[in-house]
Amino acid sequence: LGSAAVDPAALVGPVAGGRLYRHSLRVGLADVAPSGRARLDAVARWLQDAAWADVVDSGLDDDGIWIVRRVRLQVARFPRFDAPVAVETFCSGTGPLWAERRSTLRVDGEAMVEAVALWVHLDPEGLRPRPMPEGFEAIYGPAADGRRVRARLRHPPAPPDGAAAVAWRFRAADLDLAAHVNNAAYWEVVEEDLATGPEPSEPLDAEIEHRAPADAGDATIVRDGDMRWITGRDGELLASIALGSPPAATG
């Protein structure tokens, strides 16, 4: 699968004096492929767990809901089974109704995975975006250092005519507290491709954009080169995955 160099505009470093939260874990049996490398869906799960742990540790009083709009993973090397992983995460930018989170996964001090995610803040019912919770700027503003980010999606909104399509099914076990397919489960689409071929090359660069929540049930995967589109049973576009360099932002 495709690989690309670091995009410094998206993978910014931490700011001196800003909040940097550290979360520790160990690569478990359920996290790895048969070869022993950590799977992408496991990496995505670690990132969301670290993000939640950071919010809890910060003491931020927030009754809203955060949903993932975009996640980019740049894997220099895959963590292996039983490796101790340290996740370093911080707020790297903000917008009116969203925030960007940068994370680095380290094993024995070596940066193995760089990640950047865009999270949108919703009301408690998860229906409408709403401004950052009170106290957010005081806790996370210094780390963002005034950097403003956009929530506009950049992947092609539809596959080309004639692109290959295969059936997919999201399981009830993929649903989370919001009763929608958890964002980590979408990476299983890439892992299914990896399971039928050689081990992925390193480095690996991949980005997912979420457009609509998915329920358990039938879906379709449309493939065209290094792009994957995931559609629901009614044809609605749920998400897209770019392997290699993400498409350039427009507008």
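Fair warning: this is a prediction, and the values are worked out from it, not measured in the lab.
- To the nearest 0.5 Å, atom OG of residue Ser103 and atom CG of residue Leu11 are 10.5 Å apart.
- Side-chain heavy atoms closer than 4.5 Å link hydrophobic residues (I, L, V, M, F, W, Y) into clusters, and following such links, even through other members, never connects Ile230 to Leu118.
- Side-chain contact check for His155 and Glu207: at least one donor-acceptor pair (N or O, by modelled atom type) lies under 3.5 Å.
- Considering only heavy atoms from C-beta on, Arg223 comes within 4.5 Å of Arg228 through its side chain.
- Cluster membership check: Trp46 shares its hydrophobic cluster with Leu194, using side-chain heavy-atom separations under 4.5 Å among Ile, Leu, Val, Met, Phe, Trp and Tyr.
- Between Trp187 and Val71, the shortest heavy-atom contact is CZ2-O, 4.1 Å.
- Residues Pro84 and Asp108 share a closest heavy-atom pair of CG-OD1, 4.1 Å.
- Linking ILVMFWY residues whenever their side-chain heavy atoms come closer than 4.5 Å, directly or via other members, places Val43 and Leu204 in the same cluster.
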**OP:** Evaluate the criterion side chain to side chain donor-acceptor pair (under 3.5 Å) for residue pair Thr104 and Glu88; output intermediate values, then yes/no.
**Re:** CA-CA 5 Å; Thr104 300; Glu88 299 175 350; 5.1 Å; no
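- We find the CZ-CG distance between Arg169 and Asp218 to be 5.0 Å, quoted to the nearest 0.5 Å.
- Rounding to the nearest 0.5 Å gives a distance of 11.5 Å between CD of Glu209 and CZ of Arg72.
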**OP:** Applying side-chain contact (heavy atoms from CB on, under 4.5 Å), run through Met112 and Val75 and close with a yes or a no.
**Re:** CA-CA 6 Å; Met112 305 282 275; Val75 181; over 6 Å; no
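- Here the side chains of Leu25 and Val87 are in contact, with some heavy-atom distance below 4.5 Å.
- The shortest heavy-atom contact between Pro159 and Val222 is CB-CG1, 3.5 Å.
- Atom CG of Asp63 is surrounded by more than 12 heavy atoms from other residues, nucleotides or ligands within 6.0 Å.
- A 4.5 Å side-chain heavy-atom check between Arg39 and Asp31 finds every atom pair outside the cut-off.
- Screening Val120, Ile208, Asn183 for a side-chain contact (heavy atoms from CB on, under 4.5 Å) involving Val68 leaves a single residue, Asn183.
- Side-chain contact check for Thr94 and Arg148: at least one donor-acceptor pair (N or O, by modelled atom type) lies under 3.5 Å.
- Within a 6.0 Å radius of CG in Asp234, more than 12 heavy atoms belonging to other residues, nucleotides or ligands are found.
- Shortest non-hydrogen contact noted between Phe90 and Pro14 is CZ-N, 3.4 Å.
- Put simply, Ile221 and Val190 are part of the same group of oily side chains (I, L, V, M, F, W, Y) that touch within less than 4.5 Å, one to the next.
- Between Leu40 and Phe78 there is a side-chain heavy-atom pair separated by less than 4.5 Å.
- Arg70 contributes atom CZ, which lies 10.5 Å from atom CH2 of Trp98 (distance to the nearest 0.5 angstrom).
- Within the 4.5 Å cutoff, side-chain heavy atoms of Leu60 are placed close to those of Pro133.
- Within 6.0 Å of atom CZ in Arg77, 12 or fewer heavy atoms from other residues, nucleotides or ligands are found, so the atom counts as exposed in its surroundings.
- With Glu100 as reference, Arg147 is the one residue of Arg69, Arg150, Arg147 to meet the side-chain hydrogen bond (donor to acceptor under 3.5 Å, both in side chains) rule.
- Between Asp57 and Arg19, the closest side-chain pair of non-hydrogen atoms falls below 4.5 Å.
- Put simply, the side chain of Val85 reaches to within 4.5 Å of the side chain of Val27, judged on heavy atoms.
- Here the closest non-hydrogen pair linking Val107 and Ala83 is CG1-CB, 4.0 Å.
- Looking at Val116 and Arg101, their side chains never come closer than 4.5 Å, going by heavy atoms from C-beta outward.
- Here the closest non-hydrogen pair linking Ala99 and Cys91 is CB-SG, 4.4 Å.
- Here the CG atom belonging to Leu105 is positioned 13.0 Å from the CD atom belonging to Gln74, to the nearest 0.5 angstrom.
- Note on Trp168 and Leu175: same hydrophobic cluster, where clusters join Ile, Leu, Val, Met, Phe, Trp and Tyr whose side-chain heavy atoms are under 4.5 Å apart, directly or indirectly.
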**OP:** Would you check, one step at a time, whether the test side-chain contact (heavy atoms from CB on, under 4.5 Å) holds for Thr220 with Arg233?
**Re:** CA-CA 7 Å; Thr220 300; Arg233 63 174 64 90; over 6 Å; no
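- Arg80 places no side-chain N or O within 3.5 Å of a backbone atom of Val32 that could act as its donor or acceptor partner.
- Under a cut-off of 6.0 angstrom, the local environment of CD in Glu110 is crowded, with over 12 non-hydrogen atoms contributed by other residues, nucleotides or ligands.
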**OP:** Show your reasoning for whether side-chain contact (heavy atoms from CB on, under 4.5 Å) applies to Trp52 and Trp66.
**Re:** CA-CA 10 Å; Trp52 173 247; Trp66 292 88; over 6 Å; no
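- Here Arg102 pairs with Glu114 in a salt bridge; the nearest charged N to carboxylate O distance falls below 4.0 Å.
- Atom NE2 of His121 and atom CZ of Arg130 lie 5.0 Å apart (nearest 0.5 Å).
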Subject >> Full working for side-chain contact (heavy atoms from CB on, under 4.5 Å) between Ile67 and Trp119 >> reply: CA-CA 5 Å; Ile67 63 165; Trp119 292 78; 5.7 Å; no
